[in-house]
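Right, one structure below, let's go through it.
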Amino acid sequence: MVRPFKAALNTEKSADGGFEWVITFIDSTVATMPQIERSTQTYATEDEALRAGEAALDRLQDD
């Protein structure tokens, strides 16, 4: 089941020159503070980081 929430996926450039994804989301069924998920690794390109972030966003929806 997909849980209802609103999310924003962004990328940030890390200090070593790679890219990381950052997801900020709120659960729309419960009044909560925004939550942040951040990648645990860096990616060589912004496109790679976005694709990995989209996969992480899909996993969050399925939880």
Side-chain angles (χ1 to χ4, degrees):
M1 182 176 152
V2 175
R3 80 178 193 202
F5 70 92
K6 294 181 182 184
L9 171 63
N10 294 300
T11 58
E12 293 181 353
K13 192 161 189 161
S14 63
D16 65 0
F19 292 90
E20 300 174 345
W21 55 260
V22 179
I23 299 171
T24 305
F25 67 97
I26 58 169
D27 189 330
S28 59
T29 61
V30 180
T32 61
M33 295 292 291
Q35 298 178 40
I36 297 174
E37 291 282 329
R38 181 178 288 278
S39 63
T40 57
Q41 71 181 66
T42 58
Y43 299 88
T45 66
E46 191 171 16
D47 284 339
E48 288 178 32
L50 282 173
R51 281 191 301 252
E54 288 169 354
L57 187 57
D58 288 342
R59 286 191 301 273
L60 282 173
Q61 285 181 318
D62 292 338
D63 286 346

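Basis for what follows: all heavy atoms, side chains included, without hydrogens, waters or symmetry-related copies. In this text the structure is predicted, and so the values were computed from the model without any measurement.
The shortest side-chain heavy-atom distance between Glu48 and Phe19 does not fall under the 4.5 Å cut-off.
The nearest pair of heavy atoms linking Leu57 to Ala7 is CD1-CB, 3.7 Å. Between Ser14 and Thr42, the shortest heavy-atom contact is OG-CG2, 3.6 Å. When all heavy atoms of Arg38 and Glu20 are compared, the pair lying nearest together is NH1-OE1, 3.6 Å.
Residues Thr45 and Asp47 have side chains that never bring a donor and an acceptor to within less than 3.5 angstrom of each other.
Applying the side chain to side chain contact (heavy atoms under 4.5 Å, CB included) rule to Ala52 yields the partners Trp21, Tyr43; only residues at least two apart in sequence or on another chain are considered. Listed by chain and number, the residues in a side chain to side chain donor-acceptor pair (under 3.5 Å) with Thr11 are Glu46 (sequence neighbours excluded).
Only one option out of Thr24, Ile23, Val22 pairs with Leu9 in a side-chain contact (heavy atoms from CB on, under 4.5 Å); it is Ile23.
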